[in-house]
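Just so it is clear, the model here is predicted, and its values are computed rather than measured. All ligand and atom numbering here is 1-based and tracks the order in the structure.
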Amino acid sequence: MTHEQPTISVVAPVYNEEQLIEEFCQRVAAALEPLGEPFEIVLVNDGSRDRSPELMRAIHARDPRVKAVYFSKNFGHQLAITAGTDYAQGHAVVVIDSDLQDPPEVIPDLVAKWREGYEVVYAVRAEREGETWFKTVTAALFYRLIVQITSVNIPVDTGDFRLMDRKVVDTLSRMREHHRFMRGLSVWVGFKQAGVPYRRHARKAGDTKYPLRKMLKFALDGITSFSYLPLQLATYLGFITAALSLLFLIAVVMMRLFYAGDPIDSAFYGQASTLAMVLFLGAVQLVSIGIIGEYVGRIYDEVKGRPLYIVADALGFEDESQPYSLRDRR
Ligand code: UDP
Ligand code: MG
């Protein structure tokens, strides 16, 4: 097998996609062949429990341009993408989902923009088909929120479908943070960025691998990776509460001093109002501790310094023990 460096690497995470990977590889190859440049497809098996691993082996045996990385267990979508870009050898690396929601036919458009000199070319969802209204609405809100509260200008309505120049991939591969929000990191690194609009299709077969629980964790990873605002929220709430209680105190004292009759009786005293306030403040405090916990847990994960992912097997790479993007190639 010769190992000429491919111009384009296509990286795709695979988690229980047995119904789709054959078609996925065919469509990527069909989309890239007209460009007349050498390319590779790097499939990362993220601990699938179906026949995806065997299928990947068979596809690689038939077509050595298709390479495979096997995780020792499920590490999650973002880490699968990370491994793929670590192993990819191309001058440009395209990250795309293997469920055919991102049409491979868009890749040549991304490549064309890259040829114009852009180093990160992200695909922007102009339309989304076949998603539940819940997913569409929460995604739209989330991307708008994250733009508001973070210091990185993550383009609205982009996913992980994007092309990155070798320079960008090498930079990202050297950033080993654990809770990776790749679509944010690839913007954070800078370089010349451009967007290309596309229509996101419905998933071709199988179910979404992102249940609500994973979506929430993903959203929290995105926010905590790029914003301190949730932490500052406790401070703001503290100041607001202090100001309100001061006003309240002044009001109580004034009424005691200047009001005839017995005003304090029903208005301010009484179990119900006391209880409501105690519970409210207790809740605010618990939420604040929870927010701190989200950050502390993530700090703990970084401090432990475990590997981001564990590779059980890799097929088709010249040096399987050392991913290309992590090598010192100078
Ligand atoms: N995926 C993965 N590991 C996971 C979950 C998902 O590698 O733990 C892959 C999955 O095979 C697909 C991509 O990540 O190629 C996106 O997942 P999915 O399509 O389920 O997410 P959705 O498009 O519904 O947000
Ligand atoms: Mg999908």
Side-chain angles (χ1 to χ4, degrees), residues 9-28 41-56 59 66-88 93-104 106-107 122-125 127-143 146 157-162 178-184 198-222 308-312 314:
S9 300
V10 175
V11 164
V14 176
Y15 181 52
N16 297 342
E17 306 285 8
E18 61 183 3
Q19 292 163 290
L20 294 172
I21 40 179
E22 293 269 2
E23 183 184 347
F24 171 78
C25 292
Q26 276 164 18
R27 274 177 59 185
V28 171
I41 302 177
V42 180
L43 299 175
V44 182
N45 172 43
D46 187 13
S48 299
R49 287 183 300 263
D50 64 356
R51 285 174 47 249
S52 307
E54 293 94 88
L55 291 175
M56 284 162 59
I59 300 171
V66 180
K67 302 168 186 181
V69 177
Y70 292 86
F71 278 180
S72 63
K73 60 161 194 159
N74 179 261
F75 280 94
H77 179 202
Q78 298 293 299
L79 293 175
I81 294 175
T82 305
T85 50
D86 287 350
Y87 275 85
V93 177
V94 176
V95 174
I96 183 170
D97 284 353
S98 60
D99 62 358
L100 293 170
Q101 278 196 280
D102 307 325
V106 177
I107 297 176
Y122 46 85
V124 187
R125 302 186 273 247
E127 263 177 75
R128 279 180 103 137
E129 296 168 354
E131 299 278 20
T132 59
W133 68 265
F134 180 75
K135 180 121 183 176
T136 316
V137 170
T138 49
L141 283 177
F142 173 67
Y143 288 107
I146 205 157
D157 297 328
T158 61
D160 288 311
F161 186 17
R162 61 188 62 219
H178 283 67
H179 295 272
R180 302 172 83 76
F181 189 65
M182 294 297 278
R183 52 196 76 169
Y198 80 111
R199 263 177 70 193
R200 187 161 164 95
H201 294 262
R203 185 178 244 287
K204 259 243 138 146
D207 292 321
T208 173
K209 311 298 185 299
Y210 264 96
L212 187 61
R213 176 177 51 83
K214 276 197 195 169
M215 266 165 69
L216 270 176
K217 185 191 165 290
F218 184 60
L220 277 174
D221 279 343
L308 294 184
Y309 52 81
I310 298 169
V311 171

Asks: Going by ring-ring contact (aromatic ring centres under 6.0 Å, His included), name the residues that satisfy it together with Phe71, two or more places apart in sequence or in a different chain.
Replies: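 Listed in chain order: Phe75, Tyr309.
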Asks: Which protein atoms of type N, O or S are found under 2.8 Å from the Mg ion (ligand 2)?
Replies: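 Asp99 OD2, Gln101 OE1, with waters left out.
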Asks: Checking Asp102 side chain against Phe161 main chain: does a donor-acceptor pair fall under 3.5 Å?
Replies: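 Pair absent, no side-chain N/O of Asp102 close to backbone of Phe161.
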Asks: Using a 3.5 Å distance criterion without hydrogens, assess whether the side chain of Ser98 forms a donor-acceptor pair with backbone atoms of Ile21.
Replies: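 It does not hold such a pair.
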Asks: Answer with yes or no whether the side chains of Gln78 and Asp160 bring together a donor and an acceptor at under 3.5 Å.
Replies: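 Short answer, yes.
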Asks: Show me, by chain and number, every protein residue that has a heavy-atom distance under 4.0 Å to ligand 1.
Replies: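 Answer by chain and number: Pro13, Val14, Tyr15, Glu17, Asp46, Asn74, Gly76, His77, Asp97, Ser98, Asp99, Gln101, Lys135, Arg200, Arg203, Thr208, Lys209, Tyr210, Lys214.
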Asks: Tell me if a side-chain donor or acceptor on Asn16 pairs with a main-chain N or O of Arg49 at a distance below 3.5 Å.
Replies: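 Yes.
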Asks: Is the ring centre of Tyr210 less than 6.0 Å from the ring centre of His77?
Replies: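 Yes, ring centres under 6.0 Å apart.
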Asks: Please answer whether the main-chain N or O of Gly76 pairs with a side-chain N or O of Asp46 as donor and acceptor at a distance below 3.5 Å.
Replies: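 Looks like yes, one N/O pair under 3.5 Å.
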Asks: Judged by atom type as modelled, is there a donor-acceptor pair below 3.5 Å linking the side chain of Asp97 to the main-chain atoms of Asp99?
Replies: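 Here the side-chain-to-backbone pair does not exist.
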Asks: What residues, two or more places apart in sequence or in another chain, satisfy side-chain hydrogen bond (donor to acceptor under 3.5 Å, both in side chains) together with Glu22?
Replies: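 Arg62.
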